[in-house]
There are 2 protein chains.
Amino acid sequence: MKPQKEIIREANEEKILQAAEMVFANYGFKGATTEKIANEAGLPKANLHYYFKTKSLLYRTVLEKILEEWMQAALVFDKYSEPSIAITHYVKSKMEFSRNRPFASKVWANEVIHGAGVVSEFLETTLTNWLNDRIEVINKWSKQRLINNVDPQAFFFMVWAMTQHYADFEKQIQILNKGKPYSDKDFDKKKEQVTALVLASVGLNT
Amino acid sequence: MKPQKEIIREANEEKILQAAEMVFANYGFKGATTEKIANEAGLPKANLHYYFKTKSLLYRTVLEKILEEWMQAALVFDKYSEPSIAITHYVKSKMEFSRNRPFASKVWANEVIHGAGVVSEFLETTLTNWLNDRIEVINKWSKQRLINNVDPQAFFFMVWAMTQHYADFEKQIQILNKGKPYSDKDFDKKKEQVTALVLASVGLNT
DNA sequence: GTCTATACGTTGATAGAC
DNA sequence: GTCTATCAACGTATAGAC
């Protein structure tokens with residue numbers, strides 16, 4: 001059985017991390033204050049600093065959690081060997097991530113826009129390796145004439161950009177949607193449309 | 001002939017606006033300090049506040065300039081009536097904007113991610129009108145069987161996301177490109193690839 | 001129009017009682 | 001582990017001499 005203190009610690013850290021993700025997403029690193037995060041987590045600022053010594057450390061911890069989930073979503077690409085099925089599942093997985101974890105997507109976007117100071121190591125190693133392997137898969141499919149002869153890198157950038165756009169530019173999308181946020185049904189339709197566009201872009205019919 | 005003071009004013013405002021765009025792009029609104037901007041513009045902080053009373057006003061002025069350019073690039077869509085030509089020119093125009101004005105794109109992305117507090121009015125009026133008109137164009141093309149039957153809104157979001165991705169996620173793209181920024185030649189190739197993907201996505205061949 | 005010095009608010013972080 | 005009080009650093013904005 002876990003000691004009482006450890007249980008408390010884990011619960012509080014979790015509350016803080018969730019609050020931090022939201023506040024960092026909405027205000028950026030500098031714009032986010034430890035006080036806002038603490039309020040959102042429902043505890044005094046001093047407690048936040050007790051659990052996370054510095055704001056910087058808290059930010060890095062938030063990003064680490066996001067990276068784990070990013071990789072988790074990426075695994076879907078390898079689950080199926082048939083191009084249209086693999087791509088469909090991957091796009092849907094990315095769209096669902098945007099829908100369910102919009103703050104995570106925004107924190108990520110923010111971090112990269114401002115120079116990826118924290119995540120550059122991840123980009124240089126894990127993500128580079130992941131992408132290079134998947135580029136080979138796309139090239140293989142092209143050679144087998146299963147899909148159009150596309151630039152694999154441009155293809156992945158397209159999928160990332162399109163799917164993350166629905167999280168990062170949520171506000172713009174909402175305004176252009178007559179001011180109303182997408183309902184679950186709306187979003188499901190967009191998920192289908194995005195998938196159809198991606199499949200067509202490499203020459204696959206739906 | 002313009003009075004001397006006016007000439008000085010215009011020159012200094014221009015220097016400040018350019019510096020501000022870069023600093024806002026790289027550090028976000030809160031992360032950008034008036035001192036950094038002033039240094040970048042090559043004048044003391046007090047002068048910056050002489051030309052732009054507050055940081056907020058400076059930020060809004062930067063955004064207004066970006067909006068004008070955004071609309072300018074959007075005009076290209078209407079220059080040609082044939083779908084593949086219109087789309088090709090529009091995508092290329094957006095890609096060139098990302099290439100030539102990466103800071104503008106980043107400031108915009110940042111602003112929208114954090115809730116579009118300043119640009120929401122533009123989104124509600126000008127951009128909504130622009131998009132609604134262009135949606136009709138896409139629908140017309142669909143009905144005439146000139147392009148696939150696609151969701152016009154999803155189509156434009158795709159183009160915006162894909163093209164702006166090359167500016168906003170510049171750093172990530174650079175790292176995934178063996179650490180080297182795209183040369184002009186690299187970028188031209190990507191421009192072609194992006195155009196090909198977009199055309200194919202609506203059923204047009206290249 | 002330029003610039004140094006400075007006032008004043010905000011915020012990250014800590015001390016120290018409970 | 002919790003929380004109030006507090007401080008030092010920073011950053012916006014201005015006063016006032018040139």
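Below, chain A is the first sequence line, B the second, and so on; all start at residue 1.
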Rounded interatomic separation in angstrom, taking [atom1] from [X] and [atom2] from [N]:
X       : N      : atom1 : atom2 : answer
A/Ile37 : C/dT11 : CD1   : C1'   : 12 Å
A/Glu13 : D/dT2  : CD    : P     : 11 Å
B/Glu35 : D/dT12 : CD    : C1'   : 11 Å
B/Phe24 : D/dG11 : CZ    : P     : 14 Å
B/Tyr59 : D/dT12 : OH    : C1'   : 17 Å
B/Leu48 : C/dT2  : CG    : P     : 12 Å
A/Tyr27 : C/dT11 : OH    : C1'   : 15 Å
B/Leu43 : C/dT4  : CG    : P     : 12 Å

Query raised in the report: B/Pro44 has a side chain; which of C/dT2, D/dT12, C/dC3 sits nearest to it?
Result: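 It is C/dC3.
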Report task. Name the closest nucleotide to the B/Asn47 side chain, picking from C/dC3, D/dT2, D/dG1. Result ->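 Per side-chain heavy atoms of B/Asn47, the pick is C/dC3.
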Report task. Classify the nucleic acid contact of A/Ala32 as base, sugar-phosphate or nothing, counting any heavy atom under 4.0 Å across all strands shown. Result ->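 The answer is sugar-phosphate, as A/Ala32 gets under 4.0 Å only of primed atoms, P, OP1 or OP2.
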Query raised in the report: Is B/Lys36 touching bases, backbone alone, or none of the nucleic acid, heavy atoms closer than 4.0 Å?
Result: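 B/Lys36: no heavy atom of the nucleic acid under 4.0 Å.
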Query raised in the report: Would you call the rings of A/Trp160 and A/Phe157 parallel, tilted or perpendicular if under 30° counts as parallel and over 60° as perpendicular?
Result: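 Correct class here is tilted.
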Query raised in the report: What string of B, S and - do you get for nucleotides 13-18 of chain D, 5' to 3', if B is base contact, S is sugar-phosphate-only contact and - is no contact with any protein heavy atom under 4.0 Å?
Result: BB----
So which heavy atom on [X] is nearest to which on [Y], and how close?
X        : Y        : value
B/Ser105 : B/Asp168 : OG-OD1, 2.8 Å
B/Ala109 : A/Ile113 : CB-CD1, 3.8 Å
A/Ala19  : A/Glu40  : CB-CB, 3.7 Å

Requested in this report: State whether a side-chain donor-acceptor pair under 3.5 Å links A/Glu111 with A/Tyr59.
Outcome: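 Short answer, yes.
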Query raised in the report: Is the shortest distance from a Lys or Arg side-chain nitrogen in A/Asp184 or A/Arg99 to a carboxylate oxygen in the other one below 4.0 Å?
Result: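 The answer is yes: the pair qualifies as a salt bridge.
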**Report entry** A/Tyr27 six-ring face occupied by B/Lys30 cation (under 6.0 Å, within 45°)
**Finding:**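 Not satisfied by the 6.0 Å and 45° rule.
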Query raised in the report: Does B/Asn12 or B/Lys30 map to a spot on DNA chain C nearer the 5' end, using the closest nucleotide for each?
Result: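 Nearest-nucleotide comparison on DNA chain C picks B/Asn12.
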